[in-house]
Amino acid sequence: MTTARVMSSEYMWWAKSSSHSTYNLANSGLAGYSLADLPVKIEDLEINGTTFYGYEPLQKAIAEKSGVSTDCVVATNGASMGNFLALAATLDPGDEVLIEHPTYELLVSPAQYLGAEVKRFHRRFENSFSIDVSEIQKAVTARTRLIVLTNLHNPTSALVDEETLAAIGEIARHAGARVLVGEIYLDAMFEEAPRSAFHLGPEFIVTNSLTKVYGLSGLRCGWILAEPELAQRIWRLNDLMANIPPHAAERLSCIAMAQLGTIRERARNILDTNHNVLSTFLSHRDDLEAVYFPRGTVCFPRLRSGRVEALCALLREKYDTTVVPGEFFGMKDHIRIGLGCEIDVFAEGLSRLGLALDDLRGKLEERGIDAKSTVV
Ligand SMILES: Cc1ncc(COP(=O)(O)O)c(C=O)c1O
């Protein structure tokens, strides 16, 4: 059985057309870092360069940051193109791909677009969204070519430990498959961040970018780490779609790479403050149930009673605040709260979420339903 070819992303459509509000807690990344805060001189930029398969200074900066050699690095237009190329380079139509559930929708829809058969393994609320390696073991077949997960996990920020990753690598190796790990949120662990899964063996492919933790989405500085032979194939595949990247962006990316320490400190200040506010908020709400991780840029609480759709509509229309409805991750009782926005915006957005929850509780009580009970 092949999965129907998907030609669009419902989540991206929603994110681009409906997620905006004054108190936007729908974004999984840090508030935008400004060009004015980078030490850029006009003479540092140029329109045309000599990049064909990677701009050498940027290749070196990514390789150094990741602790790999430059022949393992494929620079991409954001982690989005990185994910697409990694999927396209490893999956033929009819191949099976085993993808975590819940996950970022744009790991699933491109696989369906490519004609792969998508199977899922579960990261369950009851197990703190950890990975049950035995479930992967049981689900792998002779047709499995790729196992896909995110670390930190989008939408929950759960960390997958190295032992679990190594066990998944082992399963993949025996099956003749590879493991794609999206590490776009991993740097939000700061000095506690483990090394990249790429170092665990040649079957690992990693995607990453400066978009989320560094607030540099508009730079589109993304990359893939892959063993050199695969990296070479990915460069050649990229020729079908992207030719060369904008050279000015490559140069700006190098400047940003040299400033990552400073940019990281800003991210840490925002996230530390917002995590304190969120953990206090959650401890006072008996209508939300969360597996809370003190690191990461997102949290994925479950609404105990009532409909998330009604909550999100109320939040948006009455309180000018947005969170991501869990349905975009295949879990309709949850909401994803992003912690990366400016601290005053976050505190206000969260208090508005509290007001919307109170309103919802009032409506449920009118119908004789207890907001703390797990019923819909
Ligand atoms: C797991 C994951 N990969 C990739 C992306 C997109 O990354 P980029 O903005 O670098 O293209 C996202 C965005 O939310 C994501 O969550």
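For ligands, and for the atoms within them, numbers begin at 1 and follow the listed sequence.
Residue contact check: Gly78 has heavy atoms under 4.0 Å from atoms 10 (O), 11 (O) of ligand 1. Each of the atoms 8 (P), 9 (O), 10 (O) of ligand 1 lies under 4.0 Å from some heavy atom of Thr211. Near Ser209, meaning under 4.0 Å from any of its heavy atoms, are these atoms of ligand 1: 10 (O).
The shortest heavy-atom distance from Ala79 to ligand 1 is under 4.0 Å. Residue contact check for ligand 1: Ser28 places a non-hydrogen atom closer than 4.0 Å to it. Every heavy atom of Met81 sits 4.0 Å or more from the atoms of ligand 1.
Checked by distance only, ligand 1 and Thr150 stay at 3.5 Å or farther apart across all their nitrogen or oxygen atoms. Considering backbone and side-chain atoms alike, Asn83 places an N or O below 3.5 Å from some N or O of ligand 1. Taking distance alone, with nitrogen or oxygen atoms compared against 3.5 Å, Asn77 stays at or beyond that limit from ligand 1.
With respect to atom 11 (O) of ligand 1, the closest heavy atom belonging to the protein is Ser80 OG, 2.5 Å. For atom 9 (O) of ligand 1, the closest heavy atom belonging to the protein is Arg220 NH2, 2.7 Å. Ranking protein heavy atoms by distance to atom 2 (C) of ligand 1, first place goes to Tyr104 CD2, 3.4 Å. Closest protein heavy atom to atom 7 (O) of ligand 1: Ile184 CD1, 3.2 Å. For atom 13 (C) of ligand 1, the closest non-hydrogen atom of the protein is Lys212 CE, 3.2 Å.
In this structure, Arg336 fails the cation-pi test against Phe300, since its NZ or CZ atom is not both closer than 6.0 Å to the six-membered ring centre and inside 45 degrees of the ring normal.
Under 3.5 Å, the side chains of Gln59 and Thr70 contain no donor-acceptor pair of N or O atoms. Side chains of Tyr185 and Ser157: no donor on one and acceptor on the other come within 3.5 Å. For the residue pair Ser253 and Glu250, no side-chain donor N or O sits within less than 3.5 Å of a side-chain acceptor on the partner. Checked by atom type, the side-chain pair Ser21/Thr322 shows a donor-acceptor distance below 3.5 Å. No hydrogens or angles considered: nothing links the side chains of Tyr53 and Asn238 as a donor-acceptor pair under 3.5 Å.
Among all heavy-atom pairs drawn from His284 and Thr280, the shortest one is ND1-O, 2.8 Å.
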His101 and Phe121: CA distance, side-chain angles, deciding distance, ring-ring contact (aromatic ring centres under 6.0 Å, His included) verdict: CA-CA 6 Å; His101 180 281; Phe121 64 94; 9.8 Å; no
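Nearest-heavy-atom check against atom 16 (O) of ligand 1 across Phe84, Trp223, Tyr11, Tyr185 picks out Tyr185.
The aromatic ring centroids of Phe329 and His334 lie 6.0 Å or more from each other.
Between Asp272 and Arg295 there is a salt bridge, with a side-chain nitrogen of the basic residue lying less than 4.0 Å from a carboxylate oxygen of the acidic one.
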